[in-house]
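Since the structure comes first, as structure tokens, the remarks are kept for the end.
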Amino acid sequence: MSSLTTGSGNSGFSKKTLLKGLSGFGKLLLFVYAVVTLYPLYWLFSSAFKTNQDFFSNPYGLPTEWMTDNIFRAWELGNMGRAMLNSTIVTLAAMVLTIIFSLLAAYALSRFQFRLKKVIVMLFTVGLLIPIHSTLVPLFIMMNKIGLLDTYGALILPYTAIELPIAIFLGMAYMSSIPREIEEAAMIDGSGWWGIFGRMILPLCLPIVATVSILAFLRFWNDFSFALVFINTQSLKTLPLSLSLFSDGFGTDYSLTMSAMAIAVIPTIVAYLILQEQIMKGMVAGSIKG
Amino acid sequence: MRPQRKIGLVLLIMTLILAACGGGQSSNQTGSGSSTSEEKVKLTVWHNFAGDDLRAQTVRSFIDQFAAEHPEVTLDAQAIPTDGYRQRLSTVAAANEMPDVFLVYAGSQSAEFHQANLIQPITEILDAHPEWRDSFLDGAFDPYEFEEGQFYSAPIAMSATSMLFYNKALFEQHNVEVPTTWDELMTAINTFNDNGVTPIALGNKAPWVAQSTIIGAIADRVTGTDWFVNAVAQQGAKFTDPEFIEALGYFKQLVDNNAFQEGANSIDNTQAEQYFIQGNAAMMISGAWTLTNLAASATEEQMKDIEVTVVPAIPEGRGEANTITGGAGGGMALSSRTEGKAKELALELIYTMSGPEAQKAIAESNSMVMYDTEIDESKVTPLYYKAFNLVKSSGITPVYDAYLSAEAAEVINNGLQEIMMGGSVEEVAQRLQDAQARSATP
Amino acid sequence: MPTAMRSKGFIAIALLPALLIFLTFVIVPVFWSAYYGFFSWKGFGDATFIGLDNYTEMLKDPVFWRALRNNLILVVSSIIGQVPVALILAILLSKNSFFTRFIRSAVFMPMVLSTVVVGLIWGYIYHPQFGIANYVLELLGLESWTRAWLSDPKVNMLAISIPINWANIGPYMVIFIAALQNISPEIHDAAKIDGSAGWNKLKSITLPMIWGTVVVTIILCISGSLKAFDHVMIMTGGGPARSTELLATYMYNSTFAVYRYGFGSAVSTMIMVISALLIGLNYIITRRKPS
């Protein structure tokens, strides 16, 4: 894409400087927008180190006294070490399942014509519309009957199921713009569908895999309702439950809440930064090929 | 008829298919802890004392004590965040999978659980310790006595919900008398407003606050307690009666005189407490929880100006002055499915968690109890000590949402917010009446 | 070359795992819950079949209509607020320099933060006494505009829609960036030769190429807005006096606050019916556009 701006070299000089000026102004706007958007992050981390009094009397500034102790107390009281391990296991497992199953399904749905296709697409569309709280009680009763309750599976399977529709739709939309010639060439080589999917399509899908991963990661990592209801055993509890421990309906211990949230947000930031690079790698690979 | 049965079968088949496909996650079943030998009894207890505050720590310590004293019990104690406690309990109730012992709130929640046969009486453990049973304050068992002489829980908290906290320094500075009558209150409100001080701090984002702390106290002073009891039962009194309209009118008078800070409906209780403690507001009408919260988060410097008294009298009204709305708070309940040896031990656990020692320790963690106990002044904050004695010397009148149906409570909660936004008093009264009538006559 | 039979086998095996999990853990519970919608049931104890009573009661309840109106405000504001902004950001930021990388991460940050943090910080921005919003207005000399943003029923739904849109732009931007990369370089070269750039290129090349993705994002906007829950629950809880109630909070409150599980199930079924209608409408509208 970077070639675009240089490509307009045949237009007049003045237009070029004007464009440059415009892009300078645009950059400034973007920068301001970014700062506004980053502010809550700053706010979260600075609040995490405040005492409760400081949090209220000085909500926007830096802590008057840095309470590093908050972090340790939140970590310990919220049993956050164990919770983070559980969250990681559940999130990664559900992510892997979501990606594999959704890409396969998206490929089948975007490349083939078959009888039940419309029905299946409709079914997945319904999946986009579901307010998750409405599935809580039926899922609880069902998983209780089959003994799935209170296991990692009680989170992994519903998470996967809930994320599948979005993942499939994004996958379908993305694959529909991959040219069919790629497969035709492969078919002449004698590859079967599995080979084509594994060797040709999957690598091309890296950006959408990364996109789906980010969305899935955030949803699974932050889910409160399922984690609250489907898990009983203390040692299986996930992070979001640790975050709401410090509020009892009559009052909230904001400094501990903020500390716990600051701890919990770090993995999501790391995950986002890594996955974002993957999205971009896909782009670089694409442009080199051209 | 149970709607879930038929579908359950279909589900079972589907899941078997799923499991056969290798999608089952059975390998994740935790082996640890479930390897109970025959004589070990498994007990689960759920509560919401999850936080870092003194009371939560105290209650948890009694659970630990029980576990230490009873090695024969595998105790699964779960501290569930309050935000999700109700939802969690409702969901397991749907599947009839209640834990053995769990915290219930006084009012509609425990009543609904009783009606659905999810809990059983704990009378026998009370009878086994008569000196304990008799030390509870009057009315402690009211919300839990669903049948004559059968008690379903013993409260471990008292909800004293309407105390008038005030900032002595601000009253002195602006030369205002601490109000003892409604007229004096209005004078104080106007004086503070003229001087740019918020008269009353209120954080009514969670809409139960104004209902629990303010309307109960005002209404009782206007209508008297008997009228309210009759209106709840829908016998000879209605919420559309002139006395209740008048009571709502007093609340509206507060709103119209800008007694509360702007946007009171969009800030939460903690924020309002902080607004008050920082000296931005002269008064705050709030409950015992404010004592617990302030003990945890306010400095001594801030606390030294804070005093506590009762809500001013309304001389024209039919109710008594010098009362505080309150009553039994939550208590531990026993699942109706717990039987035999497990039941015996579960009752023992309830006794440990709500017995005389626990009551005293909870009272000394800056939270009120429904139990006659002496507390050590040096262990609590001075403000709590004052409040503790104030409550002992005042009459107790009902809190609205402890008696109204869940639906009617929701209506009055939202109705008060509506009045604060300029809504009509009569309409709110009408809707409250409709909702209560619906649930009182099934 | 794969035979038709082999294709069939591939299709079946490719779809099977997704379908199985999805049917078991989403579709079955949904129909199950819809079934409860015909009962008067507290969520425990006995249930009584009452036919369509829950639905007729809902349609008569002014709160339901207010919630629906609020949801529609969110749908409209998210379609006009999120999709274009996300697309523009994606086009501007799909280069890979330090600057764009920084901005991209920043735009995405509100999504990374849990909704609780976003709700809390915006609660502070709108705080009637210490809020930044009012402070800025005062600085600009617009004191008459200051107000309690979240409790004034005239503006609170609008005030709430801003953080919701702001927080959700990130994922749409990422989705668009992924889609933009899929446009092959040959097409960019062709565009260069044609001399089309800027708006023209967007209209005649970029948009048609990623139209499938645009449609999906609009669908996600609609379904996401109708399911919106967390931000409102944290900022206002649906109040004051139910003025910011959404269908999902309406359902949640019916189910878990007043023990009307059957009614709550009817509401969630209604949410799905309404979303399905809107998405159908969206398909009809977007189909006319170039594909």
Side-chain angles (χ1 to χ4, degrees), chain A residues 1-2 7-8 30 34 37-38 40-41 43-44 59 101-102 104-105 107-108 112 114 120 123 125 127-131 133-135 138-139 157-158 160-162 164 169-170 173-174 176-177 187 192-193 207-208 211 214-215 218 222 261 265 268-269 272-273 276 279-280 282-283 286-287 290, chain C residues 1-2 6-7 10-11 14-15 17-18 21-22 25-27 29-30 32-33 43 94-96 103-114 117-118 121 124 130 171 174-175 177-179 181-182 184-186 192 197 209 212-213 216 219 223 227 248 251-252 265 268 271-272 275-276 279:
Chain A
M1 286 267 288
S2 62
S8 55
L30 278 177
T37 313
L38 284 174
L41 202 62
W43 185 76
L44 171 65
F101 293 168
S102 69
L104 274 172
Y107 186 61
F112 298 91
F114 49 94
I120 293 176
L123 263 182
T125 315
L128 286 176
L129 317 177
I130 289 157
H133 293 103
S134 70
T135 61
L139 271 178
L157 293 176
T160 307
I162 289 246
L164 275 175
F169 275 93
L170 289 175
Y174 187 84
S176 68
S177 55
M187 274 183 228
W193 287 117
I208 202 67
T211 311
I214 290 177
L215 298 180
L218 291 173
N222 291 327
M261 286 179 179
V265 81
T268 56
I269 296 177
Y272 171 73
L273 293 177
Q276 173 184 269
I279 298 180
M280 289 302 144
M283 180 185 98
S287 46
Chain C
M1 205 152 168
R6 277 174 65 196
S7 303
F10 175 78
I11 296 170
L15 282 172
I21 288 204
F22 179 70
F25 291 95
V26 173
I27 295 297
V30 162
W32 193 339
S33 151
S94 52
K95 283 181 257 172
N96 221 357
I103 307 278
R104 267 200 316 263
S105 310
V107 171
F108 203 80
M109 270 319 136
M111 188 69 193
V112 168
L113 291 172
S114 74
V117 178
V118 172
I121 177 85
Y124 260 93
F130 319 116
V174 171
I175 290 170
I177 289 180
Q181 281 159 52
N182 207 13
S184 70
E186 290 86 356
K192 235 183 288 170
M209 284 300 295
T213 305
V216 171
I219 292 174
S223 63
K227 289 188 296 185
M251 175 208 86
Y252 186 87
S265 299
S268 55
I271 296 177
M272 283 186 277
S275 334
I279 287 177

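The model shown is predicted, which means the values in this text are computed figures rather than measured ones. In what follows, chains carry the letters A, B, and so on, assigned in the order in which the sequence lines appear, proteins first and then strands, with residues in each chain numbered from 1.
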- Message: Within the 4.5 Å heavy-atom criterion, are Leu273(A) and Ser105(C) side-chain neighbours or not?
- Response: yes
- Under 4.5 Å from a heavy atom of chain A, the part of Ile27(C) involved: side chain
- Task: Would you sort out whether Ile271(C) and Leu129(A) count as a side chain to side chain contact (heavy atoms under 4.5 Å, CB included), showing the intermediate values?
- Result: CA-CA 8 Å; Ile271(C) 296 177; Leu129(A) 317 177; over 6 Å; no
- Check Pro131(A) against Met272(C) and note the closest heavy-atom contact, atom names and distance. CD-CG, 4.0 Å
- Message: Counting only non-hydrogen atoms closer than 4.5 Å, does Leu128(A) touch chain C with its backbone (N, CA, C, O), its side chain (CB onward), both, or neither?
- Response: both
- Query: When rounded to the nearest 0.5 angstrom, what distance separates CZ in Phe22(C) from OG1 in Thr160(A)?
  - Reply: 12.5 Å
- Heavy-atom contact with chain C under 4.5 Å, split by part of Phe114(A): side chain
- Checked Ser223(C), Ala18(C), Ser268(C) vs chain A; the most non-hydrogen pairs under 4.5 Å come from Ala18(C)
- For Ala276(C), is it the side chain, the backbone, both, or neither that has a heavy atom closer than 4.5 Å to a heavy atom of chain A? both
- Note on the structure: Nearest heavy-atom contact between Val26(C) and Ile162(A) is CG2-N, 4.0 Å
- Item | Pairs of heavy atoms under 4.5 Å with chain C: top-ranked of Gly127(A), Ser134(A), Ser176(A), Ser102(A) | Ser134(A)
- Okay, Val174(C) and chain A: the region with an atom under 4.5 Å from a heavy atom over there is both
- Task: Would you please classify the geometry between the His133(A) ring and the Tyr252(C) ring as parallel, tilted or perpendicular, with 30° and 60° separating the classes?
- Result: perpendicular
- Message: To the closest 0.5 Å, what do you measure between CE (Met111(C)) and CG (Leu215(A))?
- Response: 6.5 Å
- Select one option (side chain, backbone, both, neither) describing which atoms of Ser265(C) are under 4.5 Å from chain A's heavy atoms. neither
- Measure across Trp43(A) and Val117(C) and return the closest heavy-atom pair with its distance rounded to 0.1 Å. CZ3-O, 4.5 Å
- Query: So which heavy atom on Pro59(A) is nearest to which on Tyr124(C), and how close?
  - Reply: CB-CE2, 3.8 Å
- Message: Holding to side chain to side chain contact (heavy atoms under 4.5 Å, CB included), I want the full list of residues that pass it with Thr37(A), two or more places apart in sequence or in another chain.
- Response: Tyr33(A), Pro110(C), Trp166(C)
- Closest approach of Leu38(A) and Met109(C), non-hydrogen atoms and distance? CD2-CG, 3.5 Å
- Proximal component of Ile269(A), with respect to chain C [non-hydrogen, under 4.5 Å]: both
- Note on the structure: For Ala178(C) and Thr211(A) the tightest heavy-atom approach is CB-OG1, 3.4 Å
- Task: Check the angle between the aromatic planes of Tyr272(A) and Phe108(C) and answer parallel, tilted or perpendicular using the 30° and 60° thresholds.
- Result: parallel
- Query: Going from CG on Leu104(A) to CD1 on Ile11(C), what distance comes out if it is rounded to the nearest 0.5 angstrom?
  - Reply: 12.5 Å
- Query: When only pairs under 4.5 Å are counted, which of Thr213(C), Leu113(C), Ile279(C) shares the most heavy-atom pairs with chain A?
  - Reply: Leu113(C)
- Task: Could you check Ser33(C) against Thr135(A) for side chain to side chain contact (heavy atoms under 4.5 Å, CB included), going step by step and ending with a plain yes or no?
- Result: CA-CA 7 Å; Ser33(C) 151; Thr135(A) 61; over 6 Å; no
- Task: Can you tell which part of Ile214(A) gets under 4.5 Å to a heavy atom of chain C, answering side chain, backbone, both or neither?
- Result: side chain
- Query: For the candidates Gly43(C), Gly212(C), Ala14(C), Ala248(C), which exhibits the highest count of non-hydrogen atom pairs separated by less than 4.5 Å from chain A?
  - Reply: Ala14(C)
- The interface call for Leu30(A) against chain C, heavy-atom contacts under 4.5 Å, is both
- Message: If you count heavy-atom pairs within less than 4.5 Å of chain C, which of Asn222(A), Ile130(A), Ile208(A) leads?
- Response: Ile130(A)
- Item | Proximal component of Leu123(A), with respect to chain C [non-hydrogen, under 4.5 Å] | both
